[in-house]
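Contents: one structure, followed by commentary.
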Amino acid sequence: MTDTEEVADASVATDASVTKLSPRDRRKRIADRVPAEGQVTTEELVQEFGVSQMAVHRDLDTLEHQGTLRMSTADLARSFRADVAFLSASAVDNGHCYHQAQENVLVKRALMAAARRKVLLVDQSKFGRQALYELAPPADFDLVISDEQLPQEEQDALQSLGVRYELAT
């Protein structure tokens, strides 16, 4: 069994960028957004995937991040407990993960603190880039998952930092 298979029947926290769920998974999902109009509804998630979803409040701002988080959202997220948190970052460079919005960083850090295990999901396009606010070092995550196109030099950098990583096919 791989690390990614162990999350079935677990409570899961995700940030706004992590939205796809496997139909085989039966879990509670804590999310910082609910599907927009025309997308899958919460009721459909429960029926199709057996998922119970709790959403924390966002102000609608579809032009930027499909919603802008309020500062109190981080306070609310700190009260959650999850078995695993799947999070994203806008950029990974020189041993640090970044995001362009301070409010998102606060919520992501709160979700990290609320979870027993933390998984960073970032594709190869995020590496070698910076954004304004530092989220955390990759070593703060239990696992980093990227795509097969992640350059060998970035894989070597993760390994030199002692970061566990997997490449998704």
Side-chain angles (χ1 to χ4, degrees), residues 1-7 10 12-22 25 27 29-36 39 55-56 58-71 73-75 77-78 80 82-169:
M1 181 180 304
T2 67
D3 286 326
T4 53
E5 291 173 331
E6 292 176 12
V7 299
V12 177
T14 66
D15 68 17
S17 303
V18 182
T19 58
K20 292 188 178 179
L21 299 172
S22 167
D25 295 340
R27 63 180 90 169
R29 180 172 184 246
I30 303 164
D32 64 351
R33 74 174 176 156
V34 293
Q39 294 181 341
V56 295
R58 298 176 71 96
D59 289 328
L60 187 59
D61 176 11
T62 57
L63 293 178
E64 198 169 346
H65 304 108
Q66 295 179 331
T68 300
L69 299 170
R70 292 183 175 187
M71 297 303 253
T73 305
D75 292 331
R78 274 189 275 284
F80 298 144
D83 296 305
V84 62
F86 291 96
L87 303 167
S88 63
S90 299
V92 180
D93 188 51
N94 200 24
H96 300 278
C97 299
Y98 299 93
H99 196 279
Q100 66 272 17
Q102 182 181 26
E103 295 84 4
N104 288 23
V105 168
L106 294 174
V107 172
K108 289 172 189 277
R109 286 180 183 165
L111 291 173
M112 289 175 71
R116 293 178 195 265
R117 295 181 57 215
K118 295 155 282 298
V119 179
L120 178 66
L121 304 174
V122 286
D123 65 46
Q124 53 84 26
S125 72
K126 307 296 190 239
F127 286 82
R129 298 176 55 192
Q130 291 185 347
L132 190 56
Y133 298 99
E134 182 181 1
L135 169 62
D140 283 4
F141 293 88
D142 298 296
L143 179 65
V144 173
I145 300 176
S146 189
D147 57 295
E148 289 182 318
Q149 288 74 39
L150 184 65
Q152 186 62 48
E153 65 188 42
E154 296 295 351
Q155 294 179 47
D156 294 343
L158 289 172
Q159 192 169 9
S160 72
L161 294 169
V163 174
R164 290 189 55 231
Y165 71 93
E166 290 182 17
L167 300 180
T169 56

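Below, all heavy atoms of this structure are taken into account, side chains as well, without hydrogens, waters or symmetry copies. Numbers for residues simply follow the sequence, beginning at 1.
In this structure, CG on L161 lies 11.0 Å from CG on D156, to the nearest 0.5 angstrom. Atoms CG and NZ, from L87 and K118 in turn, are 9.5 Å apart once rounded to the nearest 0.5 Å. Rounding to the nearest 0.5 Å places OG of S146 at 11.5 Å from CD of E166.
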Please test S88 against K108 for side-chain hydrogen bond (donor to acceptor under 3.5 Å, both in side chains), starting from the C-alpha separation and ending with a verdict.
-> CA-CA 9 Å; S88 63; K108 289 172 189 277; 3.2 Å; yes
side-chain contact (heavy atoms from CB on, under 4.5 Å) between L143 and L120, intermediate numbers included = CA-CA 6 Å; L143 179 65; L120 178 66; over 6 Å; no
Could you please spell out the steps behind the side-chain contact (heavy atoms from CB on, under 4.5 Å) verdict for L158 and L150?
-> CA-CA 11 Å; L158 289 172; L150 184 65; 4.1 Å; yes
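Remark: Y133 engages no residue in a side-chain hydrogen bond (donor to acceptor under 3.5 Å, both in side chains) (not counting sequence neighbours). Qualifying side-chain hydrogen bond (donor to acceptor under 3.5 Å, both in side chains) partners for D123, counting only residues two or more places apart in sequence or in other chains: S125. Scored by the salt bridge (charged side-chain N to carboxylate O under 4.0 Å, His left out) test, R129 finds no partners at all (sequence neighbours excluded). Scored by the side-chain hydrogen bond (donor to acceptor under 3.5 Å, both in side chains) test, Q159 finds no partners at all (sequence neighbours excluded). The side-chain hydrogen bond (donor to acceptor under 3.5 Å, both in side chains) search around Q124 returns none, not counting sequence neighbours.
Smallest separation of non-hydrogen atoms from R117 and D142: CA-OD2, 3.0 Å. Across all their heavy atoms, V122 and F127 have their closest contact at CG2-CE1, 3.6 Å. The nearest pair of heavy atoms linking I145 to V119 is CD1-CG1, 3.8 Å. The two residues A136 and F141 have their closest heavy-atom pair at CB-CE1, 4.4 Å.
Panel note: side chain R164, backbone V144; no donor-acceptor pair is recorded below 3.5 Å.
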Using a 3.5 Å cut-off and no angle test, enumerate the donor-acceptor pairs between side-chain atoms of residues 89-97 and protein atoms at least two apart in sequence or in another chain.
from : atom 1 : to   : atom 2 : distance (Å)
S90  : OG     : Q100 : OE1    : 2.3
D93  : OD2    : Q130 : NE2    : 3.2
H96  : ND1    : E134 : OE2    : 2.5

